[in-house]
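In what follows, a structure is listed as structure tokens, so that the remarks can point back to it.
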2 protein chains.
Amino acid sequence: MPKGRANAGRLSADDWIQAGYAILADDGLEALKLDRLCTRLGVTKGSFYWHFADMAAYRSALAHAWAQLHDRDRRHFADLGHLTPRARLSQMMASLLGERQWTLERAMREWARTDPAVAESVRAADHRVLDAVRHAFADAGFDADEADMRANSVFAAGIGFLHLSDAPPGARMDAQRERFLDLMLTR
Amino acid sequence: MPKGRANAGRLSADDWIQAGYAILADDGLEALKLDRLCTRLGVTKGSFYWHFADMAAYRSALAHAWAQLHDRDRRHFADLGHLTPRARLSQMMASLLGERQWTLERAMREWARTDPAVAESVRAADHRVLDAVRHAFADAGFDADEADMRANSVFAAGIGFLHLSDAPPGARMDAQRERFLDLMLTR
DNA sequence: ACCTGAACACCGTTCAAGT
DNA sequence: ACCTGAACACCGTTCAAGT
């Protein structure tokens with residue numbers, strides 16, 4: 001019985017990751033303290049250091065696992081080929097901003113600033129999305145150069161919306177984003 | 001002789017602020033430690049606590065001072081009225097992203113996430129810029145609703161560009177941003 | 001009014017010892 | 001192989017005492 005979660009006493013590295021997600025989602029970045037993790041898992045600090053070299057390594061592991069989740073979530077962007085480019089862009093925007101794991105997404109981007117390993121995970125994840133966005137513009141009939149410029153702009157706007165909103169975006173903003181996409185698709 | 005800087009031994013609150021700017025600009029957010037500040041100013045920690053209640057209060061003061069600098073820097077946005085709306089937008093973009101105090105700007109936005117007082121300063125500063133951007137679109141002949149939507153989008157894209165760039169933006173990105181503005185001004 | 005010095009609490013890290 | 005327990009270093013905070 002491998003891969004079972006927390007069977008009996010002993011923990012796996014993944015148990016620590018899951019606990020980290022939960023804390024981040026509940027109370028944000030600054031709540032992710034060693035003590036907090038230990039209480040939640042019912043072990044002492046020493047246990048942590050058997051699984052991870054230090055906090056930096058743990059964050060890297062968390063980020064790496066997150067990037068994989070992220071990729072799985074966005075894998076279906078590729079399967080969106082049957083939709084019109086316009087519909088695809090709309091889907092992607094919504095999926096970025098409507099994120100139930102909205103607070104996770106932002107936590108990762110903050111860490112990325114100070115932690116190179118996390119930065120690499122985020123960059124890789126971003127790259128995939130940017131590719132999909134660029135692809136949509138190419139399918140909409142723009143040449144490579146024009147598609148690149150428009151994709152960068154739309155992606156930047158998406159990230160900007162993410163950072164500017166204190167709460168998950170409301171209906172009014174949703175409508176504005178749709179009109180923004182219309183604009184970006186005019187030639 | 002009031003307002004003199006660090007005349008002889010005694011410090012003013014502003015001396016602490018200036019030291020904070022210097023550290024942030026040199027080595028970023030996580031370098032701003034009490035010890036670091038004290039060594040730089042040649043005093044002990046106790047001195048800090050005479051001027052500020054705690055680190056949170058100090059950060060608020062820093063943010064507030066920054067917001068005033070920010071406003072002074074952007075005050076001339078208003079004096080830009082003689083320029084064409086297009087030129088004004090270009091100026092504002094460049095001024096946001098070309099910022100010599102680029103690392104300060106990002107530090108403030110990161111704090112804003114956890115510190116309500118800092119958040120207020122940043123929001124106020126953002127509000128001014130957004131107003132100027134919206135005004136430019138209104139002057140370009142868009143009705144209030146359309147100007148609002150376009151201003152929000154351009155502003156979000158600006159913030160997004162800011163967060164996505166690891167280094168100050170290069171020439172290629174500059175060109176893409178100009179083309180993006182052209183697009184946003186088409187009707 | 002402004003600062004020192006010493007104490008304390010919090011939290012990440014180490015490590016010898018346990019099962 | 002996985003964890004405990006106790007120690008330590010780092011850093012923010014307090015406060016009585018100095019000038």
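Keep in mind the model is a prediction, meaning the values are calculated, not measured. Convention: sequence-line order gives letters A, B, ...; per-chain numbering from 1.
- Contact annotation: side chain of B:Lys45 to base of D:dG12, donor-acceptor pair present below 3.5 Å.
- Per the geometry, CG belonging to A:Asp54 stands 22 Å off P belonging to D:dC8, to the nearest Å.
- At a threshold of 4.0 Å, the pair B:Arg177-B:Asp174 counts as salt-bridged, since one of the basic side-chain nitrogens sits closer than that to a carboxylate oxygen.
- Spacing between atom CG of A:Leu41 and atom C1' of D:dT4 amounts to 15 Å, rounded to whole angstrom units.
- A salt bridge links B:Arg109 to B:Asp126: one of the charged nitrogens lies within less than 4.0 Å of a carboxylate oxygen.
- By the 4.0 Å N-to-carboxylate-O rule, B:Asp131 lies close enough to B:Arg134 to be salt-bridged with it.
- Protein atom CH2 of B:Trp50 is 4 Å distant from nucleotide atom P of C:dC2, rounded to whole Å.
- Here the C1' atom of nucleotide D:dC2 and the CZ atom of A:Phe52 are 13 Å apart, to the nearest Å.
- Across D:dC3, C:dG12, C:dC3, the shortest atom-to-atom separation from the side chain of B:Ser47 is found for C:dC3.
- The distance from atom CG of A:Leu37 to atom P of D:dC3 is 14 Å, rounded to the nearest whole Å.
- Salt bridge annotation for A:Asp145-B:Arg179: present, with a cationic side-chain nitrogen under 4.0 angstrom from a carboxylate oxygen.
- Pairing for D:dT19 goes to C:dA1, judged as Watson-Crick or G-U wobble with the two contacts each under 3.5 Å.
- Less than 6.0 angstrom separates the ring centroid of B:Trp16 from the ring centroid of B:Phe48.
- Rounded to whole angstrom, the span from the CZ atom of B:Phe48 across to the P atom of D:dC11 amounts to 15 Å.
- The A:Val43 side chain lies nearest to D:dT4 when the options are D:dA1, D:dT4, C:dC3.
- Side-chain proximity of B:Leu34 to the nucleotides C:dG12, D:dT13, C:dC3 is greatest for D:dT13.
- When the nucleotides D:dT4, D:dG12, C:dC2 are ranked by their closest atom to the side chain of B:Arg10, C:dC2 comes out on top.
- Among the protein residues, B:Ala53 comes within range of the sugar-phosphate backbone only, with heavy atoms under 4.0 Å from sugar or phosphate atoms but none that close to a base.
- Of all nucleotides present, only D:dG12 satisfies the Watson-Crick or G-U wobble test against C:dC8, with each distance under 3.5 Å.
- Under 4.0 angstrom from either OP1 or OP2 of C:dC3 there lies at least one side-chain N or O belonging to B:His51.
- We find that CE of A:Met55 is positioned 17 Å from P of D:dC11, with the value rounded to whole Å.
- In the set D:dA1, D:dT13, C:dC11, C:dC11 carries the atom at the smallest distance from any side-chain atom of A:Lys33.
- Put simply, A:Tyr49 has a side-chain N or O that comes within less than 4.0 Å of OP1 or OP2 on C:dT13.
- Checking D:dT4, D:dC11, C:dG12 against every side-chain atom of B:Asp35, the shortest atom distance belongs to D:dC11.
- Atom OH in A:Tyr58 sits roughly 16 Å away from atom C1' in C:dC11 (whole-Å rounding).
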